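So that the names make sense, note that chain A is the first sequence line, chain B the second, and so on, each numbered from 1. Source: prediction; values computed, not measured.
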4 protein chains.
Amino acid sequence: MTVTDARRVARRDKRRVILDAAAPIFGDEGYERASIDAIATAAGVSKPTIYSYFGGKEQLFRESVADSAVQQNAQVLEVIQRLDLSAQGWLASLRDLAMKLTECQRTPCAVFLARMIAAETARDPEVYRVVRVKAATPILEALAGRLAMLGNAGHLIVPDPALAARQFLALISAEIAELTEHGTRPVSDERVRAAVSAGVDTFLRAHAQASR
Amino acid sequence: MTVTDARRVARRDKRRVILDAAAPIFGDEGYERASIDAIATAAGVSKPTIYSYFGGKEQLFRESVADSAVQQNAQVLEVIQRLDLSAQGWLASLRDLAMKLTECQRTPCAVFLARMIAAETARDPEVYRVVRVKAATPILEALAGRLAMLGNAGHLIVPDPALAARQFLALISAEIAELTEHGTRPVSDERVRAAVSAGVDTFLRAHAQASR
Amino acid sequence: MTVTDARRVARRDKRRVILDAAAPIFGDEGYERASIDAIATAAGVSKPTIYSYFGGKEQLFRESVADSAVQQNAQVLEVIQRLDLSAQGWLASLRDLAMKLTECQRTPCAVFLARMIAAETARDPEVYRVVRVKAATPILEALAGRLAMLGNAGHLIVPDPALAARQFLALISAEIAELTEHGTRPVSDERVRAAVSAGVDTFLRAHAQASR
Amino acid sequence: MTVTDARRVARRDKRRVILDAAAPIFGDEGYERASIDAIATAAGVSKPTIYSYFGGKEQLFRESVADSAVQQNAQVLEVIQRLDLSAQGWLASLRDLAMKLTECQRTPCAVFLARMIAAETARDPEVYRVVRVKAATPILEALAGRLAMLGNAGHLIVPDPALAARQFLALISAEIAELTEHGTRPVSDERVRAAVSAGVDTFLRAHAQASR
DNA sequence: TATGAATGAGATTTCATTCAT
DNA sequence: GATGAATGAAATCTCATTCAT
């Protein structure tokens, strides 16, 4: 490995350290309240270092959002790909998928993304766009694909898989915000499971085969 | 009318003027970026006047949220109460209700509330709570009541009206965020109508009578 | 009593009420920190009333100082006039006078005056001047007169009574500031008495007749 | 000298510059009227620099008082240590000491301290305490020690040196406040000398050997 | 390259003072 | 004559950003 390579790796490492420090602070405080000072301290670097790596607060923020979106995407895609399509297993596996997706949504990373989209998209539409490109769309497409497979296999009626995917996500989280008081109250897994299940039930009823 | 009454009215009017000026600024800029200066200028009063009426930025913000929640509640409740329960009318009226609710959700007032809940609840959980008490819960209960009536009338199967209400709202807005790119892009009524309709369709399929 | 007279009395009463409210607030907070609002509330009147009676904060302050000086003067003069000049009584009476003067110095009114002179004379020399005219000089002259009488009576040697008066006051308070930590600590009468007595002793030694 | 050392020196220098700028402004204006802006301008630095060095107005004030107390202490201790104890010299030297102490008391630094104690101790008792620890007590002890030496040498009768020290200071300044109208009027050295001398005379009479 | 030091700009908040009733 | 309401001006303090080492 050459000296230059070593430097490039060091750079990448420090980028990672800064991004990992930035996300929870942006997530907890919001864009405005989050101070570069706090991020620098948390990352164990000095402020000018952050400026040299990212250029400014806004850019750091965007990269932080994009980075979280990528992480979120990877996590969720893996979950989706595990859906069992077999005749015996698909139903239980779909319920399981719903729970796993809900867990992913309650990850600090996902909470951060959701908050930033809601809070900062009006100020900077790029925030929404980057999350859509790096997470929302791939996730929806993957989920739509899997639901289509369930349709093809004759387990469900899925005339519009993309729509079904969106509705699936909407239904399984329909009760979550109220249940957790927007993330300000801890809730037992039991109750989360019940809420998610109710969403899956409705989804299944809406897409059931006539015979069922 | 006595002098005191006149003063009380003047006070109330000025409160209104300030609240009306504050909501869009908080909504556009978020709590931190919104400056008292800007709100004062928009309201046509001086900064100290705002402090004398509301005590401080945080209190003004809370009152602004509460005020918007009350307005939102009034608007939505009126829409819900217009649901036609008759055998011939209920289906078209339910579709119409879904559209009207969606319109209410895209009102500046509702956009403001949604953004503030997402952005500021982590900082101040009271934000979520006041909106729940003054808007979310009454709206859900009213909607649940109406859906129950549709159940009683034999038009739909509604074993859990409160759940059905939440899912109804979730389904009709499942596609809206993506469609409008989180409110950053204008969208034709046509496309909104299609998105809402798809949600209603799914809801109906999930709650259909066996005979249908 | 005519209507006009009644009004004049009412005016004087309200002046008194305001002055009585102002002195402790100025005394506790200092000129800058004391707010007209607080004084108005304490006096049970509105701010504009204070402005109509006194013209402004600075004038209210000056009148408050002058008023306290007059009160202080009256109190102290009465104490001084009670000095017993008789051969048997003068010594005990002088000790008693020293204690009474010290008590007068620890009165809220006197503490207020002392603080205001030290704190505000640099900003407004008139503060010192008015206290000197209305309190310090009359008090010193009265005390000097009494000490001269003790000299004439042959009890003490007092070649310069005015100087002796100043030194008497200086000596009896030489230990007080340290003892009370500048008024921030309560101290037993016992210890105050001892400190004052030590001052009187020194004074007596310095002005003793040869025979003593 | 390393880079770190150079920085540490630079920091210390800038601290000094700020403290030197702050003392006269606090002294002239008092705590409340003194503005950080004015101090920053006088020191030739920006406001945030002051905040980074001292944390806030209150802390800057305390450090300013402590710093002045240390300076005052150094100055006065040096004067006291010069007291000549020899049989031929002590009397003239004591008179000289009294004058020098009076000059020290009229220094801007001492005026600042006296004013701040009187004006701000009620708000923050720490002000008095720090001055006592860093200046008043050491000075009194040093003076008491010297007076005790005069007693040991048989020049004066000094049964309680600490008390004698306090009274000495009280007597030599008994006339100063009135003479200078609390520092608002310039006074000839001649008159100051006479006032101080009168205090020393009384002190000497009170502590004279029987033979004298 | 990385950093300690410094700052310009702007935020909230307070207060003495005046106006209109 | 007395007051509720309103405001201009100024205070403290914070922060993103840059410079010099």
**Asked** Taking for each residue the nucleotide of DNA chain F with the nearest heavy atom, is it Tyr31(A) or Asp37(D) whose nucleotide lies nearer the 5' end?
**Response**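 Closest to the 5' end, via its nearest nucleotide, is Asp37(D).
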**Asked** Taking for each residue the nucleotide of DNA chain F bearing the nearest heavy atom, is the 5' side occupied by Val45(C) or by Ala34(D)?
**Response**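 Its nearest nucleotide being more 5', the pick is Val45(C).
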Expressed in angstrom and rounded to an integer, what is the separation of [X] atom [atom1] from [N] atom [atom2]?
X: Glu29(B); N: dT12(E); atom1: CD; atom2: P; value: 12 Å
X: Ile50(B); N: dT7(F); atom1: CD1; atom2: C1'; value: 12 Å
X: Asp13(A); N: dT1(E); atom1: CG; atom2: P; value: 16 Å
X: Lys14(D); N: dG4(E); atom1: NZ; atom2: P; value: 16 Å
X: Arg33(C); N: dA16(E); atom1: CZ; atom2: P; value: 12 Å
X: Glu58(A); N: dT17(F); atom1: CD; atom2: C1'; value: 15 Å
X: Arg15(D); N: dA6(E); atom1: CZ; atom2: P; value: 12 Å
X: Ile36(A); N: dA2(E); atom1: CD1; atom2: C1'; value: 16 Å

**Request:** Can you label the angle between the Phe61(A) ring and the Phe26(A) ring as parallel, tilted or perpendicular, going by 30° and 60°?
**Result:**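 The arrangement is perpendicular - the two ring planes meet at more than 60°.
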Is the phosphate of [N] approached by [X] (side-chain N or O, under 4.0 Å from OP1 or OP2)?
X: Lys47(D); N: dA11(F); answer: no
X: Tyr53(A); N: dA2(E); answer: yes
X: Tyr51(B); N: dC15(E); answer: no
X: Ser52(D); N: dA5(E); answer: no
X: Thr49(A); N: dA2(E); answer: no
X: Ser46(B); N: dT7(F); answer: yes

**Asked** Is the shortest distance from a Lys or Arg side-chain nitrogen in Glu58(B) or Arg123(B) to a carboxylate oxygen in the other one below 4.0 Å?
**Response**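 Counted as a salt bridge, because a side-chain N and a carboxylate O are separated by less than 4.0 Å.
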**Prompt:** Ser68(D) side chain to Ser64(D) main-chain N or O, any donor-acceptor pair under 3.5 Å?
**Reply:**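 Yes.
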**Asked** For Asp28(B), does its backbone N or O pair with a side-chain atom of Arg115(B) as donor and acceptor, under 3.5 Å?
**Response**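 Such a contact is found between Arg115(B) side chain and Asp28(B) backbone.
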**Request:** Among dT12(F), dA11(E), dA16(E), find the nucleotide with the atom closest to the side chain of Lys57(D).
**Result:**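 Among dT12(F), dA11(E), dA16(E), the one nearest the side chain of Lys57(D) is dT12(F).
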**Item:** Within 6.0 Å of NZ in Lys134(D), more than 12 heavy atoms from elsewhere
**Value:**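 Atom NZ in Lys134(D) is not crowded, with 12 or fewer foreign heavy atoms closer than 6.0 Å.
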**Prompt:** More 5' along DNA chain E: Pro48(D) or Gly56(B), using each one's nearest nucleotide?
**Reply:**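 Nearest-nucleotide comparison on DNA chain E picks Pro48(D).
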**Asked** Under a 3.5 Å cut-off for both distances, is dT21(F) Watson-Crick or wobble paired, and to whom?
**Response**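 dT21(F) is paired, partner dA2(E).
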